[in-house]
Amino acid sequence: MKDMMRGADIVVRSLIAEQADLIFGYPGGAIMPVYDALYDYHEQIKHVLTRHEQGAIHAAQGYARVSGRVGVCLATSGPGATNLITGLADAQIDSTPLVCITGQVAAHLLGTDAFQETDVVGISMPGTKWNIQVRTVEEIAPAIAKGFYIARSGRPGPVLIDITKNAQVDFGEFNYSPCLGFRSYKTHHPIEKTIIQEAAELINKAERPYLLFGQGVVLGKAESELKFFLDKSGIPAASTLLGSGALPQEHPNYVGKLGMHGNYAPNLLTNQCDVLIAVGMRFDDRVTGDLKRYAKQAKVIHLELDPAEINKNVRAHVAVQGDCRESLSMITEAIQAKSHPEWMAKFRELEELERSSVVQHDITPTKTGLTMGEVIHQINQYKADDAVLVTDVGQHQMIAWRYFNYKKPRTQITSGGLGTMGFALPAALGAQLYDYSRQVICVVGDGGIQMTIQELGTIMQTKAPVKIVLLNNNYLGMVRQWQQMFFDKRYSFTELDNPDFVKLADAYGIKAQKVSDRADLKEAVEDMLIHDGPFFLEVVVEKEDNVFPMIATGCSVEEVRLS
Amino acid sequence: MKRYTIFVITENFIGILNRITIIFTRRGINIDALTASESRLQGIHRITIEVTVNEDTVIQLVNQIEKIIDVIKAFYHEDTAVVYQELALYKIPVSRLDSGLEKIIREHNAKIIAAEPDFIVLELTGHKEKTQELLEILKGYGLLEFARSGRVAVAKRMLTIDSFVK
């Protein structure tokens, strides 16, 4: 007796077979059969209705980032699908595993400019690891199986599966088998022992070795391997934006954050090391500054899974292609136990300089107006060890990243490679819905929050206890800072007239409070974090606060400035 | 900058060519010529792309092409490492046929592959320099239409695609 059912049921059953238990989406004409099927499976798979498809995909990203699972979202054809593009490009560049299923007009209407028809496969091609259009019911289950496999394996990424309406309503046999691999896609790369030996020799001889770690450590689940390597080698280690949390910040080898708004010592001393070990990071331009003056004096060892990243920006003297979890433990075995106290002291010395000239003024200011840094500092005092920080894009993002005390992996959720404003609110929702008991702290700016503010409606409907901290300076802060520094303070269209955010949150049934005095800050943060339910805390901050240290575009990492 | 020939071995799925070409477009690189057809193995496609770039760039192009899920393998070769031919077709009006043209056809080893009441079509196979030379000459014979293929090429080294297609 064959298990015959509608294509739409096959879609839902396939998602369940892939252990998707929470999906985000927005219905529409071309995906209605799938939504009808969902109605019967609410015990096995939960769906969250967002207020915009962009909210759905960012929520799926937040869910994927915090859990390590594949995020899933559903959208209809035409505008529904095109609203996903920003999220796809974001997930693509930040290597987040997603499966997005879009409805499409019936197969016989393709190419006729039918109602809500767009060439989604064409439009999403550059922004996806893989995509496919399914036009018959038989193709549905294999496409979904292949999609999940591709999304989560190797270097993770987003996939899009476009399913025509006729395939959704036709009947077919449900016969699910997960994808276990296929010939054109190699996910495992065996690591050569001779390469490991080469790397170990370089490390053993190094006098000023330096390690940079990125999201690859998190994606590869190599946090313990990194720790053991650092414990044995005594090498100072710095994190990229998306690597934060892979190593707890209290670890004795941790020296800070890299990049345009990272810490002073980690940037400056890049050009003084003799061996640079890059683990699961891709030498993004925000990290390297001017490549012509980046670590030219050092021998570079690159531990990287994706062969296209090796030698793309920085020439590797020893390229260890493969899973960093394997390569790190192989190298740890091969190296000698060491310590580098004098070299490490250099980092600590410059750390002290940064502390007195920048950090102090950021987190314990004496001027009247509140700084973004001090708000984060207060949050650090009261937050749980495994609290998740979700940030939007801009000055607040950089300040929150600089000062948040990351102790656990997968607690740093931000749009790194694409820098998508509006990412935070829906992503925080997605992260929170993975685990209601985790503290999810969403720090946003007044510009970014308004890009996806409609998702307050989803927070209201799901009662997700997200803690939203709006650092409001009534400006597009990062752009304003650049206009101040490089465009003669010509504040062209960066000042915002904002609504009464507390009233707005109130209208969504979300408890809200506004703080503009230092005296009220501590208590407000505490109240927010212990509140049972979502909370919206607006903090009025200094209008013209700037983020330092900074490496301006075109400058070298050693030209990092403190003011 | 040098001319490189890139071979791409792919599964025969819709949209692969698009995925490959956008890798060139996003870097602002113009594809000089492109040939695509079924390989020796059923279901496996072979695409030959000619491009003029420097070596660092072609290495990155090939790495990014190989990253595409349904691409099995990609290689790049300099001109000296491949054996290649291009095909050109020339359409000449019958009114311009004379003993001079006949001599040219014989000297250049061109073939007459079509003879219609109003026109003839010549075919020449060879490297670009050869087909280009004949083109310049035939322009003086009222050339009506000209079409040139991209390269059809095989590598000189002894490696078959079977080893990548398992």
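A quick note: this is a predicted structure, and the numbers were derived from the prediction, not measured.
Both the backbone and the side chain of Ile69(B) come within less than 4.5 Å of a heavy atom of chain A. Proximity to chain A is absent for every atom of Ile9(B), based on heavy atoms less than 4.5 angstrom apart. Using a 4.5 Å cut-off between heavy atoms, Thr128(A) contacts chain B through both its backbone and its side chain. Only the side chain of Ile44(B) comes within less than 4.5 Å of a heavy atom in chain A; its backbone stays farther off. Only the side chain of Asp306(A) comes within less than 4.5 Å of a heavy atom of chain B; its backbone N, CA, C and O stay farther away.
For Glu107(B) and Lys103(B), the salt-bridge test passes: some basic side-chain N is under 4.0 Å from an acidic carboxylate O. Salt bridge status for Lys139(B) with Glu136(B): present, with a side-chain N to carboxylate O gap under 4.0 Å. Ion pair Arg282(A)/Glu309(A) not flagged as a salt bridge, since none of the NZ, NE, NH1 or NH2 atoms sits closer than 4.0 Å to an Asp/Glu carboxylate oxygen.
Most heavy-atom pairs under 4.5 Å with chain B, from the set Asn131(A), Asn311(A), Ile132(A): that is Asn131(A).
Close placement of the Phe283(A) and His302(A) rings is indicated, their centers lying within 6.0 Å of each other.
Taking a 6.0 Å sphere around NZ of Lys312(A), one finds it holds more than 12 heavy atoms contributed by other residues, nucleotides or ligands.
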